[in-house]
Amino acid sequence: MNGRFAHDGFDIAFSDEGAGEPVLLIHGFASSAKVNWISTGWTSFLEESGFRAIAFDNRGHGQTSISYREEDYAPGMMAGDAAALLHHLGISRAHVMGYSMGARVTAFFAMQSPQLVQTLIFGGLGDGMINGVGDWDPIAAALLSDAPETITDKRGAAFRAFADRTGSDRRALAVCISRSRQLITREQLASIRIPALVAVGTLDDIGGSAQGLANAMGNAQAFNIEGRDHMLAVGDRSFKKAALDFLRRYPI
């Protein structure tokens with residue numbers, strides 16, 4: 001990460017690479033800017049395509065400071081961090097892209113600060129944004145377990161392994177998961193008129209239907225990431241191409 005700034009009591013780490021129209025990238029739960037966007041080739045892909053790629057670590061994740069208070073992880077609070085980063089960098093308008101939890105944060109960002117947003121890309125989260133994404137209590141339990149070898153919940157074991165691999169603060173993640181899943185109503189989504197692309201893997205058992213979310217919005221299109229699950233869809237080449245085509249269709 002090549003920069004830091006303070007907002008709402010958090011010391012937030014970010015990267016800012018390339019030139020051209022800015023694309024603000026918001027990562028998913030238990031991930032980081034490095035894991036979600038840099039390691040998957042997104043930042044280099046956007047730079048090579050003539051865009052400015054800006055990514056940051058959400059509060060409680062990566063190199064950004066943490067909190068153990070549930071209220072700090074409301075999506076609207078994290079969306080406030082995203083808006084503050086654009087202000088910090090002197091950017092008045094940007095494309096905004098989020099994956100999984102980051103897609104939910106992106107939606108709240110669009111509702112709270114529409115004047116800052118040129119386009120929206122929601123990855124890894126379709127109509128689960130409206131209907132919910134299943135029972136995540138076993139994931140919180142897995143994150144807090146002192147005996148990971150005893151975890152029987154498949155999804156919980158996967159997220160626990162991911163958190164351990166990335167060196168995350170598991171207690172902070174467990175607190176985050178309890179609040180960051182705040183649902184959005186169809187009425188709220190219908191109020192978002194910003195051009196949007198919704199992309200979800202066809203094997204994703206978490207995010208829900210891309211078309212279902214697109215249908216609920218006023219100006220959105222769906223893209224199915226063929227043969228990819230929730231973890232693998234983020235770096236898919238077809239997803240990158242669809243996103244690039246979309247961004248070029250709506251220049252700032």
- Query: Is any NZ, NE, NH1 or NH2 atom of the basic residue among Asp245 and Lys241 found under 4.0 Å from an Asp or Glu carboxylate oxygen of the other?
  - Reply: yes
| query | Within the side chain of Arg155, is there an N or O that forms a donor-acceptor pair under 3.5 Å with the backbone of Pro138? | reply | no
| said: Quick check against the 3.5 Å criterion: does Ser145 have a side-chain atom that pairs as donor or acceptor with the backbone of Ala141? | reply: no
Can you check whether Phe122 reaches Met217 side chain to side chain, under 4.5 Å on heavy atoms? yes
Handout entry: Path from Val35 to Phe29 over hydrophobic side-chain contacts below 4.5 Å
Key = no
Between the CZ atom in Arg104 and the CE atom in Met78, the distance rounded to the nearest 0.5 Å is 9.5 Å
dist Leu85:CG -> Ile91:CD1 (nearest 0.5 Å) comes out at 7.0 Å
dist Leu25:CG -> Asn36:CG (nearest 0.5 Å) comes out at 8.5 Å
Taking Ser209's backbone N and O only, do any of them form a donor-acceptor pair with Asp127's side chain (distance below 3.5 Å, no angle check)? yes
Practice item. Please confirm whether the backbone N or O of Ser39 pairs with a side-chain atom of Lys34, one donor and one acceptor, at under 3.5 Å? Key: no
Exercise. Does the Arg52 side chain pair with the main chain of Gly18, one donor and one acceptor, at a distance under 3.5 Å?
Worked result: no
Between Gln182 and Pro75 the two heavy atoms that sit nearest each other are OE1-CD, 3.5 Å
Taking every heavy atom of Arg93 against every heavy atom of Pro22, the minimum-distance pair comes out as O-CG, 3.4 Å
- Query: Is there a side-chain contact between Leu116 and His87, using heavy atoms and a 4.5 Å cut-off?
  - Reply: yes
message: Over 60° means perpendicular and under 30° means parallel, so tell me whether Phe159 and Trp136 are parallel, tilted or perpendicular.
response: tilted
One should read off an interatomic distance between Asn131 CG and Leu183 CG, to the nearest 0.5 angstrom, of 8.0 Å
Walk me through it: do Gln221 and Arg249 pass the test side chain to side chain contact (heavy atoms under 4.5 Å, CB included)? CA-CA 13 Å; Gln221 63 187 77; Arg249 198 176 309 135; 3.0 Å; yes
Task: Verdict with reasoning, Leu213 to Leu125, per side chain to side chain contact (heavy atoms under 4.5 Å, CB included) - done: CA-CA 8 Å; Leu213 180 61; Leu125 187 59; 5.8 Å; no
Checklist entry - Is it true that Tyr250 and Val198 fall in one hydrophobic cluster, defined by side-chain heavy atoms closer than 4.5 Å? => result no
Fill in: Salt-bridge contact Asp164-Arg170 (side-chain N to carboxylate O under 4.0 Å)
yes
Separation between CZ (Phe162) and CE (Met231), nearest 0.5 Å, reads 6.0 Å
**Request:** For the pair Ile12 and His88, evaluate side chain to side chain contact (heavy atoms under 4.5 Å, CB included) and give the outcome as yes or no after the intermediate values.
**Result:** CA-CA 11 Å; Ile12 300 174; His88 174 74; over 6 Å; no
Quiz item: Hey, are the side chains of Thr106 and Val117 touching, using non-hydrogen atoms and a 4.5 Å cut-off?
Solution: no
Hydrophobic clusters here meaning ILVMFWY residues chained together by side-chain heavy-atom distances under 4.5 Å, can you tell me if Val23 and Val105 are in one? no
task: Would you mind reporting whether Cys176 and His61 have side-chain heavy atoms less than 4.5 Å apart?
output: yes
Quiz item: Would you find a donor on one side and an acceptor on the other, under 3.5 Å apart, between the side chain of His27 and the backbone of Asn58?
Solution: yes
Here the pair of heavy atoms bringing Ala33 nearest to Asp57 is N-OD1, 2.8 Å
Shortest non-hydrogen pair, Ala222 vs Gln211, comes out as CB-OE1, 3.5 Å
Closest heavy-atom pair, Ser100 versus Gly28, reported as atoms and distance to 0.1 Å, is CB-CA, 4.3 Å
ask   = Do His230 and Tyr99 touch side chain to side chain, with heavy atoms closer than 4.5 Å?
value = yes
Linking I/L/V/M/F/W/Y whenever their side-chain heavy atoms sit closer than 4.5 Å, directly or via other members, would Leu24 and Phe51 fall into one cluster?
no
### Query
Within the side chain of Asn2, is there an N or O that forms a donor-acceptor pair under 3.5 Å with the backbone of Asp16?
yes
*asked:* Taking Glu226's backbone N and O only, do any of them form a donor-acceptor pair with Asn224's side chain (distance below 3.5 Å, no angle check)?
replied: no
Can you check whether Val175's main-chain N or O pairs, donor with acceptor, with Arg179's side chain at less than 3.5 Å?
no
- Would you mind reporting whether Arg228 and Phe239 have side-chain heavy atoms less than 4.5 Å apart? no
message: Donor-acceptor check, side chain of Arg59 to backbone of Phe10, threshold 3.5 angstrom: yes or no?
response: no
State plainly whether one hydrophobic cluster holds both Phe56 and Val234, where clusters connect Ile, Leu, Val, Met, Phe, Trp and Tyr through side-chain heavy atoms under 4.5 angstrom apart. no
Practice task
Evaluate the side-chain proximity of Asp205 to Asp229: yes if any heavy-atom separation is below 4.5 Å, no if none is.
Solution key: no
Requested in this report: State, yes or no, whether a side-chain contact exists between Arg193 and Pro114 at a heavy-atom distance under 4.5 Å.
Outcome: no
For Val200 and Ala210, the nearest pair of non-hydrogen atoms, with its separation, is CG2-CB, 3.9 Å
Run the numbers on Phe5 and Leu89 for side chain to side chain contact (heavy atoms under 4.5 Å, CB included), then give the verdict. CA-CA 10 Å; Phe5 78 107; Leu89 295 173; over 6 Å; no
Separation between CD1 (Ile121) and NE2 (His95), nearest 0.5 Å, reads 8.5 Å
